[in-house]
Protein chains: 2
Amino acid sequence: MAREGRNPTISDVAELAGVSVPTVSRVLTGAARVSPAKRELVEAAIAELNFRPSAAARVLVSRKSRTIAVIAGNTSRYGYAETIRGIEIAARAEGYTVMITVVESADEEEVDRAVSATRMQTLAGVVVLKFDPPGVAALHKLGTDLPVVALSGTRESGVPQAVLDEAAAAEELTEYLLGLGHRTVHHVRVPPSRRVDGRTSGWKRALTKAGAPVPAVRDATWEPKSGIAVGGELAADPEVTAVFCGNDEIAMGVMRGITEAGRRVPEDISVAGFDDHPLAELWSPPLTTVRQDFASLGVRGFQLLKQAIDDAVVRRYSSERPTLVLRESTAAPRAR
Amino acid sequence: MAREGRNPTISDVAELAGVSVPTVSRVLTGAARVSPAKRELVEAAIAELNFRPSAAARVLVSRKSRTIAVIAGNTSRYGYAETIRGIEIAARAEGYTVMITVVESADEEEVDRAVSATRMQTLAGVVVLKFDPPGVAALHKLGTDLPVVALSGTRESGVPQAVLDEAAAAEELTEYLLGLGHRTVHHVRVPPSRRVDGRTSGWKRALTKAGAPVPAVRDATWEPKSGIAVGGELAADPEVTAVFCGNDEIAMGVMRGITEAGRRVPEDISVAGFDDHPLAELWSPPLTTVRQDFASLGVRGFQLLKQAIDDAVVRRYSSERPTLVLRESTAAPRAR
DNA sequence: ATGAAAGCGCTAACAA
DNA sequence: TTGTTAGCGCTTTCAT
């Protein structure tokens, strides 16, 4: 009999409906046919008791889970947050639950901790945000006994992955800047995920193709403010007429540094960003950038994972080309 | 014997270590003393097999879970994302896993869906982001048989909650603006969680106290762009000399609208925001605002939840007063 | 189509 | 301190 003070179980439902426990299970899972009469009884009992099956018991016996994990180096920065949002939307649509694991650093100990914490759960699969070194490290530690999909800006061998082709977009943006008449384009990099970074390599490729000089790369952190100092240095160099920044937030910092140094954007120096942050078009001047659809990256990532979970014919890649967004922070250089 | 192709279980460990299954369990949970000799054997076996206990089995038998759920109307907007980050950090430090449930709307059907999905898992507790109507609705549907903590900007009766005292901060900001010499302060509101909203009520209180006229509230959406049109309207009214916006992103939109209308900030119109978004200080002019520590709100929320989970003496409230940040988007009105 | 029986991997209660 | 026994709430055989 259903006791008070605890959640109803499947046997409470079975008893109330006057059927066996497996029959209730059949109604729940839809795995086998149940006569309409019994099904109705069972459904009434479920509703009356407000019964919800225990996910833990289901997982234990069926060895199948409706939970996926997302491993990420960060959850709140724009690209990360939007990507996770996309994953969650796609997962929810398919009835999957999402749990989050944050990997703070690429230290072996921290990566082990994160992977262990993740793998304690019985999971249907894992999506790894391979945007940074912690993500890359976690991906490698994860093992192959579980469906895994990586999300990133550069296609790489190994697990299936959904990609935003950053290199192609960065190349296009750099070519646009050169086409405006700039002799070359300087580059401020955000912390790269590996030695090579799609945005940086696309930039370099465009310069090389055009026979333009390749200036030394300048590094910024993820903090928008770190762009201010870099902007100041850039403003001090009269050779600099165009700057391509690794993301919009850094670009905003760089623009402030340039402005504080008394030079104007885009009249003296053109500045372009990357991502199309929601505030990029509100900035003064509105930012020329590359639109990255992170939410769609997350959706595509989950879809790839779903295929792997279902043992479907697994497409290993899903690539999308971010698009150039021309606004007012870039212009032709002034005549010298 | 440990078979290939499946995860090792506690009995594999027991067998390899030459002890009983419960002894392994004791080592795992630390619940009872085990002789150093056996403990070492067990630990060696665990390491050799790379054994990880099944969370599902543990939950099933112990009825205790190390997973908490976060229910939120949104995951990627600044305040939400930072709050979730804080919850995750605090949870991780205590060995808890975080799952996310998004409630898209306050529709009964959607709220039921979200709550059901959440409650399928055996949870230690739930943190609800009560920043918007979906969050409020989910909180009410959640039931009382589970530790629940709400996070919001306004203290309210009911479940324990961690709060950022928005009303007090909004009042302080409005007083500051009035103190600058503005006859009154106009207000642009972001979508409120209920009829009353802390930011709006603090603003109104300050005006009333000062005997200043209370202008009609203008509404914006969460989209920063929605501020542009509002800014244009405000700029067209010569009576408007100071505007308090519900968040920084809207303030940025409003400032753009004002600028596009040919008026200047702060010379013609002062504009203040709320939140201290990371880009607020980089904006031109840098934004006067109220710093809200969302990450700390999340941490405090988890701590409250942890106390409830542990049946400790439960503090029901944790309140923090956001602080005024004075920058350059506000100034005294020009002499008329 | 339905039920009886078994058992997923662990912890709790008890005995030794 | 340690082992034996029982059983958490389900799904999965296997009969019927």
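Keep in mind the model is a prediction, meaning the values are calculated, not measured.
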Please check: side-chain N/O of B/R155 versus main-chain N/O of B/A162, any donor-acceptor pairing under 3.5 Å? no
Figure out the CZ/C1' separation between B/R52 and C/dG9, and round it to whole Å. 15 Å
Of the residues in residues 32-44 of chain B, which ones touch DNA chain D at a heavy-atom distance under 4.0 Å? B/R33, B/V34, B/S35, B/K38
B/L60 atom CG is separated from C/dG7 atom C1', nearest whole Å, by 12 Å
Please step through side-chain contact (heavy atoms from CB on, under 4.5 Å) for the pair B/I68 and B/V126, ending with a clear verdict. CA-CA 5 Å; B/I68 65 160; B/V126 182; over 6 Å; no
Once each nucleotide of nucleotides 11-16 of chain D is scored for protein heavy atoms under 4.0 Å, what B/S/- sequence comes out, 5' to 3'? BBB---
By ring pair (Phe, Tyr, Trp, His ring centres under 6.0 Å) - contacts of A/Y96 (at least two apart): A/F302
How close or far is atom C1' of C/dG9 from atom CZ of A/R63, stated in whole angstroms? 9 Å
Give a yes/no answer on whether the side chain of B/T23 brings an N or O atom under 4.0 Å of OP1 or OP2 in D/dG3. yes
Send over the distance from A/Q121 CD to C/dC10 P, rounded to a whole Å. 13 Å
Euclidean distance, atom CG of residue B/N7 to atom P of C/dC10 [Å, nearest integer]: 9 Å
Are more than 12 heavy atoms from other residues, nucleotides or ligands located less than 6.0 Å from atom CZ of B/R113? yes
Does anything in residues 78-92 of chain B pair up under salt bridge (Lys or Arg N to Asp or Glu O under 4.0 Å), and if so which pairs, sequence neighbours excluded? A/E104-B/R92, B/E82-B/R85, B/E88-B/R92
Quick one: does A/R52's side chain have a donor or acceptor within less than 3.5 Å of a partner on A/P8's backbone? no
Whole angstroms only, please: what is the CG-C1' distance between B/L49 and C/dG9? 15 Å
Among C/dC8, D/dC10, D/dT4, which is the nearest nucleotide to the side chain of A/S54? D/dC10
I need the full list of side-chain hydrogen bond (donor to acceptor under 3.5 Å, both in side chains) pairs touching residues 16-41 of chain B, with sequence neighbours left out, sorted by first then second residue. B/S20-B/T23
Please state how far atom CE in A/M120 lies from atom P in C/dG9, giving the value in whole angstrom units. 14 Å
Using modelled atom types only, decide if a donor and an acceptor are shared between the side chain of B/N74 and the backbone of B/S76 within a distance under 3.5 Å. yes
Closest approach of B/Q161 and B/S152, non-hydrogen atoms and distance? OE1-OG, 3.4 Å
When you check the side-chain N and O atoms of B/T97 and B/T67, is any donor under 3.5 Å from an acceptor? no
Side-chain N or O of A/T9 less than 4.0 angstrom from OP1 or OP2 on D/dG9? no
Return the angle between end axes of the helix from C/dA1-D/dT16 to C/dA16-D/dT1, with five pairs used per end and rounding to 10°. 30°
Assess the side chains of B/T9 and B/S11: does a donor N or O sit below 3.5 Å from an acceptor N or O? yes
